[in-house]
There are 2 protein chains.
Amino acid sequence: MKIDPNSNADLSAQIAKSIRDAIISGDLIVDQRLPSEAELSDQFDVSRPTVREALKRLAAQSLIRTQRGATGGAFVNKLSFEEAYPQQITTSTLLLSMNAVSFETACEARYTLERSCAPLSALRRTADHLATMRAEIHRQSQPGLTDEAFCASDVAFHRALVDGAGNPVLSYQLAGAVEAMQPLMNMITFSARDRAKIIELHTALADALEANNAIGVDTALAGLESYTTNLAKSVMEKRKNKA
Amino acid sequence: MKIDPNSNADLSAQIAKSIRDAIISGDLIVDQRLPSEAELSDQFDVSRPTVREALKRLAAQSLIRTQRGATGGAFVNKLSFEEAYPQQITTSTLLLSMNAVSFETACEARYTLERSCAPLSALRRTADHLATMRAEIHRQSQPGLTDEAFCASDVAFHRALVDGAGNPVLSYQLAGAVEAMQPLMNMITFSARDRAKIIELHTALADALEANNAIGVDTALAGLESYTTNLAKSVMEKRKNKA
DNA sequence: GCCATTTAAATGCCAGACAATTAAATAACT
DNA sequence: AGTTATTTAATTGTCTGGCATTTAAATGGC
């Protein structure tokens with residue numbers, strides 16, 4: 001393997017790209033062992049620290065894992081949905097916070113995606129999903145719950161709804177949309193009245209899901225979206241007037 | 001700052017996590033300069049190569065960028081949607097190829113998400129989006145087009161549809177779902193008859209979008225999904241009988 | 001005041017070494 | 001022979017020290 005010395009990219013970035021491409025194309029398959037760092041240094045004609053920087057880049061993307069010891073080395077990692085979740089959530093969160101995405105835009109995206117899962121979830125949700133949602137509703141009605149805990153419970157509730165669709169690809173894609181909204185929602189202070197209204201809608205949602213009523217689920221979600229949006233709007237308004 | 005020597009994680013991983021957390025929490029803000037590698041070595045009490053490995057991990061996630069020279073250093077990067085796209089697509093693609101996700105499951109997720117964008121796109125699509133879609137339809141009807149090129153055009157067509165919703169968060173989330181399907185679709189051989197049918201559905205879709213007819217768009221998408229799924233099923237069947 | 005040069009600070013890269021870990025090979029012992 | 005203890009070898013993890021390269025600012029000459 002060779003590296004272009006005229007490229008303006010770091011050597012470690014070029015090497016990482018070379019190996020990453022090999023993984024994507026299938027040249028390197030899951031659990032296959034990469035050459036040792038010393039061998040890679042020879043092959044790419046760079047020093048070991050440079051190879052290591054390249055490997056750390058790949059490790060940061062969960063594309064490889066490393067083991068120490070005699071039979072150790074770097075191995076192509078089987079990227080699992082579980083591993084990809086946090087990455088997806090971190091990225092989505094930072095995208096929202098760094099790009100001045102309005103609450104409305106984020107909210108619209110989140111509920112648009114979530115509503116698309118509703119029919120499938122109404123069809124396929126298991127008793128487990130329903131139980132999780134009922135439990136979260138119960139938690140949400142506890143007095144003395146902090147806004148953060150309320151929002152976290154809200155996220156758990158909605159993730160159960162999404163998971164009810166029984167499609168891991170959907171769950172993965174939705175994780176970013178649903179979880180990344182939490183920091184934004186945390187900025188809203190929920191009064192007792194707000195919570196009661198949200199719990200009411202959550203209950204309607206769970207009821208509809210229990211009855212396999214897709215339209216009812218969609219209606220409840222639409223209600224939640226408009227209520228959340230309006231709530232956020234009024235909170236922002238109040239803050240603006242105060243300042 | 002301190003690092004736990006009892007943790008079984010690499011020092012570079014711990015340092016990367018520490019800095020990453022500072023970025024997520026807002027302790028480090030966009031375009032802020034991190035301490036130099038030498039200063040970080042002192043602060044974390046590790047050597048410079050270890051610090052560098054940590055920084056490369058963060059760079060691989062586009063959380064920082066580095067500049068050489070007198071006023072250079074590592075800066076917190078403003079994560080843009082454009083930067084996040086390829087990451088998202090790579091991850092989604094690998095998730096599908098490494099986890100034996102069935103074509104049906106992937107297809108269901110993709111069309112479920114895409115159909116959720118349809119009403120918004122019917123409402124907001126610009127002339128530009130329509131023009132892109134018409135151009136791709138034209139390209140798809142060219143004889144002699146390879147299956148790969150046909151699929152790539154298909155992806156471009158659908159991305160224009162999604163972008164028509166005018167919500168960058170939606171576009172980002174959908175990018176993974178739509179683009180990651182391409183390698184799977186490339187495995188299907190599209191006969192002339194298949195292509196004609198798909199182009200017919202694409203045209204119906206564009207027509208409905210032009211008329212701001214949300215229901216028509218949804219119908220066309222539903223038709224596409226079932227046609228694609230059946231096509232894939234018959235191709236797989238044929239291959240199985242052959243072998 | 002403007003341009004060329006020097007300087008200093010920073011990242012990029014390398015060579016070599018040692019520590020820590022791990023599995024396999026070997027030796028010792030029963 | 002079988003089992004246990006020891007040694008060995010391979011590999012990653014980390015450190016030290018250094019040099020090359022890049023870049024902006026400081027300096028100096030005109």
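Residue numbering restarts at 1 for every chain, and letters A, B, ... go by the order of the sequence lines. Because only heavy atoms are used, hydrogens play no part in the values below, and waters and symmetry mates are left out as well, while side chains stay in.
Not a single donor-acceptor pair, N or O on each side, falls under 3.5 Å between the base of D/dG17 and the side chain of B/Arg48.
When the nucleotides D/dT12, C/dG12, C/dA23 are ranked by their closest atom to the side chain of B/Arg68, C/dG12 comes out on top. Of the candidates D/dT12, D/dT23, C/dC14, the closest approach to any side-chain atom of A/Ser47 belongs to C/dC14. Of the candidate nucleotides D/dT14, C/dA9, C/dA23, C/dA23 has the atom lying nearest to any side-chain atom of A/Thr71. Considering only side-chain atoms of B/Ala70, the nucleotide from C/dA8, C/dT11, D/dT14 that sits closest is C/dA8. Closest to the side chain of A/Pro49, out of C/dA15, D/dT12, C/dT11, is C/dA15.
Within the structure, a side-chain polar atom (N or O) of A/Thr50 is placed less than 4.0 Å from OP1 or OP2 of C/dC14. Proximity of A/Ser12 to the phosphate of C/dG12: no side-chain N or O atom is located under 4.0 Å from OP1 or OP2.
Atom CD in B/Gln67 sits about 14 Å away from atom C1' in C/dG12, given to the nearest Å.
Within 6.0 Å of CE on B/Met187 lie no more than 12 heavy atoms contributed by other residues, nucleotides or ligands.
Salt bridge annotation for B/Arg65-B/Asp31: present, with a cationic side-chain nitrogen under 4.0 angstrom from a carboxylate oxygen.
Residue-level contact check: B/Arg33 touches the backbone only, with heavy atoms under 4.0 Å from sugar-phosphate atoms and none from bases.
For the pair A/Tyr85 and A/Ser80, the minimum side-chain heavy-atom distance is 4.5 Å or more.
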